[in-house]
Amino acid sequence: MTEFTHTFEWHGTSSDPNDEQFGHVVRETTIDDVADGDESTVVLVGEPVDRAVIGRRGAKAGPSALREALAGVKTNHFETGAVGRDSTIADLGDVADLVRLDDRSANATVGGIQNLVRQATDRVHALDALPVFLGGDNSLTYPNVAPLLDEGSVGVVNLDAHLDVREVREDATSGTPYRQLFETGLDGYACLGARHFETSTAYAEYVEEQGGEIVTADEVGSDPLAAADRALDALGDVEHVYVSVDLDVLDASAAPGVSAPTPGGLTTRELFSILRRLASDDRVAGFEVVECAPPLDREGMTTAAGARAVAHFLSGYAANGGHHE
C-alpha cells in the first residue's frame, strides 16, 4: 500500500506573536489518523515529480517550496477572517513512491508514475476531507482526478494557458491529462485563462467536440467572476467539481518559474478572486497547484503566487463552511 512521507516541518516565520501564519495552523498527520476520525477538513499532499514536462523541468521541487512559502503567509482574509484555526488543515506529506523514484526506477514511464500516484490518491479521496495536491507537473492531474470518476459524475475547471488534451502517443506527458480523463469518463471540462496562439486548432476542436468550455484570458480579464461562473455553469449538474491551477495561467511577469511562461496571462488578483468563487461551490471535491518550478523562478514570485493561490482557495472553501462532497 502506498505510503506518505513527511519532508517539511511546519512553523511560523514571524517573531511577532500576533502574526498567525499558516505555519502555525497546519499540522502533520497520517492517512490512518485521518481515516480514524481526525478532525481535519483539508489535507495537503505533495507530489514531487516532473518527468512528464514537455518544456523546462523544475516542478519536482514545487511541493517543498510551496509549503515553505505558505508557512509564512498570514491566515487573515479581510472578508472571511482567519483560515485554518482549530487545526482543520493537515499535511499528509509527500507520496513516498515519488520521493524514492530517482533511486529505484530511473526509467519509469509517465504512465507508470501515474499508476503509482493513483494508488495514493485512491486512499486520499476516500477520506472525509478535501485533498489539496501540491505538484509536481501537470500529468499528475490524471491520477488526482481519476478516483472521483468512480464516485459519480465529475467536472474539472482547469486554470491554464493550455488545454492539455494532447493525444497520448508513446507515453503520457504534462500535455495529455484531460485527454486521458475524457477517455476515462470525465463528464465536464472548462478551461479558464486559455491563451491565444498557444493551442493547436485540432485540440480546441477536440474540446468543443467533447462539450467542453474554453474561456480565454482576455475574457477573464474583462470580468473574472463572470468567467468563473461561466466555467461552473458549463459543468452542468455534475456531482463533483475538481479545480486545477497550472501556474502558467498567470502572465509570465507574475509567474516566470513555470515550464512554459508566456505573456498575456491572468494577473494574480484575477486568479485569487476566481479561486475564492470556485471554492465556494459546494460540489468541490479536490484542488491542486501544479507546474511550480522553483529552480526557474525569479525572486520566488511564482512560488509566492502558488502558495497564496492555496490560501485564497481555502478562504473561499472555509467561507462556504468547509463543505466537502
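Quick note: residue numbers are just sequence positions, from 1.
- Hydrophobic clustering of Ile, Leu, Val, Met, Phe, Trp and Tyr side chains at less than 4.5 Å, counting indirect connections, unites V124 with L148.
- With contacts defined as side-chain heavy-atom distances shorter than 4.5 Å, the pair L181/V154 does not qualify.
- Not one N or O on the side chain of D164 forms a donor-acceptor pair closer than 3.5 Å with the backbone of Y178.
- Residues L134 and V45 form no side-chain contact, since every pair of their non-hydrogen atoms from C-beta on lies 4.5 Å or further apart.
- Note: the hydrophobic cluster containing V168 does not contain F182 (ILVMFWY, side chain heavy atoms under 4.5 Å, direct or indirect links).
- Using a distance-only test at 3.5 Å, with no hydrogens or angles considered, a donor-acceptor pair links the side chain of Q21 to the main chain of S14.
- In this structure, a donor-acceptor pair under 3.5 Å is present between the side chains of D137 and S139.
- Rounded to the nearest 0.5 Å, atoms CE (M301) and OG1 (T303) are 10.5 Å apart.
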(message) With side chain to side chain contact (heavy atoms under 4.5 Å, CB included) as the criterion, how do H240 and E151 come out once you've worked through the C-alpha distance, each side chain's angles and the decisive distance to 0.1 Å?
(response) CA-CA 9 Å; H240 307 292; E151 303 299 326; 3.9 Å; yes
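- Judged by distance alone, with hydrogens and angles left aside, the side-chain atoms of T88 form no donor-acceptor pair with the main-chain N or O of T41 at under 3.5 Å.
- Using a 4.5 Å heavy-atom cutoff, the side chains of V95 and V49 are not in contact.
- Electrostatic pairing of D32 and R123 counts as a salt bridge here, judged by a charged N lying under 4.0 Å from a carboxylate O.
- For the atom pair CZ (R179) and CG (L163), the distance works out to 10.5 Å, reported to the nearest 0.5 Å.
- With hydrophobic clusters built from ILVMFWY side chains whose heavy atoms lie under 4.5 angstrom apart, V83 shares a cluster with L271.
- In this structure, R51 and R57 approach most closely via the heavy-atom pair O-NH2, 3.1 Å.
- Looking only at distances, a side-chain donor or acceptor of T141 sits under 3.5 Å from a matching main-chain atom of N138.
- In this structure, the side chains of Y142 and T184 come closer than 4.5 Å at one or more pairs of heavy atoms.
- Heavy atoms only, all atoms of each residue included: H162 and C191 are closest at O-SG, 3.7 Å.
- Looking only at distances, no side-chain donor or acceptor of S200 sits under 3.5 Å from a matching main-chain atom of Y203.
- Between I31 and F4 the shortest heavy-atom distance is CD1-CE1, 3.7 Å.
- The shortest heavy-atom contact between R283 and V238 is CD-O, 3.1 Å.
- Nearest heavy atom pair, residue G46 against residue R67, reads N-NH2, 3.3 Å.
- Applying the ring pair (Phe, Tyr, Trp, His ring centres under 6.0 Å) test between F287 and each of F313, F133, Y242, Y317 identifies F313 as the sole match.
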(request) Decide yes or no on side chain to side chain contact (heavy atoms under 4.5 Å, CB included) for V110 and T173, but give the supporting numbers first. (result) CA-CA 7 Å; V110 174; T173 70; over 6 Å; no
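- With values rounded to the nearest 0.5 angstrom, Q119 atom CD is found 11.0 Å from E3 atom CD.
- Heavy atoms from other residues, nucleotides or ligands lying under 6.0 Å from CD of Q210 number more than 12.
- With a 4.5 Å cut-off on side-chain heavy atoms, D19 and K74 count as touching.
- Proximity of a side-chain donor or acceptor of H125 to a complementary backbone N or O of V145 within less than 3.5 Å is not detected.
- Considering all non-hydrogen atoms of both residues, A217 and R195 come closest at CB-CD, 4.3 Å.
- Inspection of the E47 and N144 side chains reveals an N or O donor paired with an N or O acceptor under 3.5 Å.
- When side chains are defined from C-beta on, D218 counts as touching H196, because their heavy atoms get closer than 4.5 Å.
- Below 30°, between 30° and 60°, or above 60°: for F8 and W10 the angle between ring planes is above 60°, a perpendicular geometry.
- Residues L70 and V290 fall into different hydrophobic clusters, defined by Ile, Leu, Val, Met, Phe, Trp and Tyr side chains chained together at heavy-atom separations under 4.5 Å.
- The main-chain N or O of A309 is never found under 3.5 Å from a side-chain atom of H312 such that the two would form a donor-acceptor pair.
- Here the CG-OG1 distance, from L250 to T302, works out to 8.0 Å after rounding to the nearest 0.5 Å.
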(request) For the pair R56 and L296, evaluate side chain to side chain contact (heavy atoms under 4.5 Å, CB included) and give the outcome as yes or no after the intermediate values. (result) CA-CA 8 Å; R56 308 179 304 164; L296 307 175; 3.5 Å; yes
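- For the pair V157 and S244, the minimum side-chain heavy-atom distance is 4.5 Å or more.
- Without hydrogens or angle criteria, D251 side chain to P263 main chain gives no donor-acceptor distance under 3.5 Å.
- Counting heavy atoms from C-beta outward, Q114 and R118 have side chains that stay 4.5 Å or more apart.
- Side chain of D160 to backbone of D246: no donor-acceptor contact under 3.5 angstrom is found.
- In this structure, the separation between CZ on R277 and CG on L275 is 12.0 Å, given to the nearest 0.5 Å.
- Not a single donor-acceptor pair under 3.5 Å links the side chain of E213 to the backbone N or O of A231.
- With respect to the salt-bridge test (charged N to carboxylate O, under 4.0 angstrom), the residues D223 and R230 do not qualify.
- For the atom pair CG (L159) and CG (L192), the distance works out to 5.0 Å, reported to the nearest 0.5 Å.
- Under the 4.5 Å side-chain heavy-atom criterion for grouping Ile, Leu, Val, Met, Phe, Trp and Tyr, Y206 is not connected to I54 through any hydrophobic cluster.
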(request) Show your reasoning for whether side chain to side chain contact (heavy atoms under 4.5 Å, CB included) applies to V249 and V220. (result) CA-CA 11 Å; V249 75; V220 171; over 6 Å; no
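- A 6.0 Å sphere centred on CG of D237 holds no more than 12 heavy atoms belonging to other residues, nucleotides or ligands.
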